[in-house]
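Okay, structure first, notes after.
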Protein chains: 2
Amino acid sequence: MKVKRSERLIDITHYLIEHPHTLIPLTLFSKRYESAKSSISEDLTIVKETFAKRGIGFLETLPGAAGGVKYIPKMKAEDVELFIRDLCEELNYSKRLLPGGYVYLSDMLGDPKWLRRIGRVIASQYMDKQVDSVMTVATKGVPIAQSVAFYLNVPFVIVRRDSKVTEGSTVSINYVSGSSSDRVEKMELSRRSLDMGSKVLIVDDFLKGGGTVNGMISLIEEFNSEVVGATVIAENIFNGERSVKDYTSLIKVDKVNTQDRTIEVSPGNFSIE
Amino acid sequence: MKVKRSERLIDITHYLIEHPHTLIPLTLFSKRYESAKSSISEDLTIVKETFAKRGIGFLETLPGAAGGVKYIPKMKAEDVELFIRDLCEELNYSKRLLPGGYVYLSDMLGDPKWLRRIGRVIASQYMDKQVDSVMTVATKGVPIAQSVAFYLNVPFVIVRRDSKVTEGSTVSINYVSGSSSDRVEKMELSRRSLDMGSKVLIVDDFLKGGGTVNGMISLIEEFNSEVVGATVIAENIFNGERSVKDYTSLIKVDKVNTQDRTIEVSPGNFSIE
């Protein structure tokens, strides 16, 4: 039995959202609903217009036999700005300062409501680029990497400071950690988790001196792979020259008040076209 | 300007998927589309029928002034079975055996395609129960906890074996780890990350003797909170009595072949009504 348009629109919407960044041939839908390709094309036009109007994302349609439709969950620039403003509002003057100038973010990085938005915002910057893998360092970066990977629909890999027996063989590097350039630490990545020649997006929660991000860059080189970009939630106050120049940050910490444990933040250099 | 039904159906579908387990008043939609509540009710009937037919989930409609609609992304029992069969197929006889009888799962636990399904399946078992928080132990459990938390739309908390400076004050317990009952380890949880009196769902990748899950149960008690259930991806072969009885597993490892590093798995005791 043929399926009605209203049902098709609902199911197509769900299907596309669950399969972002994936080329879906029209035949999949026409078989699924026992409907003509021309009807499916009309459905997709309606979906495309609504997705664009409502800021849900873009539908790329590729014509021809090998063609189909691809859902790109890229946000509108104004929605990104709105989100970053929300983030600043949430953090500004809040009692989130921890000893050592760190900022407590664990609640947000454990909350699906924040993570969905963080993932979508960061992914939006890289929607037009080829990304094969999202990389982060355990453990704070993991929820961010996973959220970004969900919207880019690519795997994420976790670099560790300590090896686990369940990882198999690893590749490790030494990197200079912290602001004092004399502390050398080790980080490693399971050999199986990244293919040689991958294009890798680095994400993390904080950037201070840039040592951790730099370590990940070295590790990516060990896998003969390429860095697509690096994005952090927050760049911390740092007196000195950062070892990483090329990164984007959603927010930056401007001032910390150790007495009443509050911080002041403002939007970082993150933006999308 | 009023919004057409086709556009409303698409946007409602997206909105519900992004806000699972959340009571959404009809007025939100009627304002959003400048449409009468009666039209919105009709839309929701169509959405509800399609969601049920296509296995997307259930729409709960609550009548009255304080009423609204709630999307419950519960899977059909047959889809759960199908997924577990896929999981067994993926793992059976694969070269995933690591030294010590561990199974390499990092690729799946870093792949959004698997994680979406794992999250939805595990969450489906607890859709009818009150869950305030999903708990796991760093670092392998984190992607599982996050995926389950996305579908239940509740926060997840990460128990650590080593404290981080960015966590603030923690509560720690000692637990008996491993099959030999003489190895005592420590695990801890940030005090801020769990409210007293919470209902907590435990998830993890593996269960062998049950020590880790037992440790989390003790920790939950320290927060005067309650365990709703415990679910693991895989239960390992274990010779002896497990310290945890009440858990569900998606699959169980039946046999390991150390020579060619393959494993044999079969469905665990996981099921939903």
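All heavy atoms count here, side chains included; hydrogens, waters and symmetry mates do not.
Of the two parts of B:Leu109, only the backbone, made up of N, CA, C and O, holds a non-hydrogen atom closer than 4.5 Å to a non-hydrogen atom of chain A. Looking at A:Arg8, there are no atoms closer than 4.5 Å to chain B (heavy atoms on both sides), in backbone or side chain. Looking at B:Glu49, neither its backbone nor its side chain comes within 4.5 Å of chain A, counting heavy atoms on both sides. Residue contact with chain B, scored on non-hydrogen atoms closer than 4.5 Å, is absent for A:Arg5. Proximity to chain B is absent for every atom of A:Val157, based on heavy atoms less than 4.5 angstrom apart. Residue contact with chain A, scored on non-hydrogen atoms closer than 4.5 Å, is absent for B:Arg117.
Under the 4.5 Å side-chain criterion, counting only non-hydrogen atoms from C-beta, A:Val142 is not in contact with B:Ile158. Using a 4.5 Å heavy-atom threshold, the side chains of B:Ile10 and A:Ile10 count as separate.
With values rounded to the nearest 0.5 angstrom, A:Ile46 atom CD1 is found 4.5 Å from B:Ser6 atom OG.
Comparing A:Ser133, A:Ala149, A:Pro143 by how many heavy-atom pairs each has under 4.5 Å with chain B, the most go to A:Pro143. Taking A:Val134, A:Thr22, A:Ile17 one by one and counting their heavy-atom pairs under 4.5 Å with chain B, the maximum is reached by A:Ile17. If you tally non-hydrogen atom pairs under 4.5 Å between each of B:Arg32, B:Lys4, B:Arg54, B:His19 and chain A, the highest count goes to B:Arg54.
Between the A:Glu7 side chain and the B:Thr50 main chain, no donor and acceptor come within less than 3.5 Å of each other. Within the 3.5 Å criterion, the main-chain N or O of A:Phe150 finds a donor-acceptor partner in the side chain of B:Arg116.
Nearest heavy atom pair, residue B:His14 against residue A:Thr13, reads N-CG2, 4.1 Å. Residues B:Tyr104 and A:Ser193 come closest through the heavy atom pair OH-N, 3.9 Å.
Side-chain contact check for B:Thr139 and A:Arg160: at least one donor-acceptor pair (N or O, by modelled atom type) lies under 3.5 Å.
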Could you give me the CA-CA distance, side-chain angles and deciding distance for B:Phe156 and A:Leu115, then say whether side-chain contact (heavy atoms from CB on, under 4.5 Å) is met? CA-CA 11 Å; B:Phe156 61 97; A:Leu115 284 172; 3.6 Å; yes
For B:Ile56 and A:Glu18: C-alpha separation, side-chain torsions, deciding distance, then whether side-chain contact (heavy atoms from CB on, under 4.5 Å) applies. CA-CA 11 Å; B:Ile56 298 171; A:Glu18 292 272 298; over 6 Å; no
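Under the salt bridge (charged side-chain N to carboxylate O under 4.0 Å, His left out) criterion, the residue pairs touching residues 99-115 of chain A are A:Arg96-A:Asp107, with sequence neighbours excluded.
The one candidate from B:Leu152, B:Val148, B:Asn153 that meets the side chain to side chain contact (heavy atoms under 4.5 Å, CB included) condition with A:Pro112 is B:Asn153.
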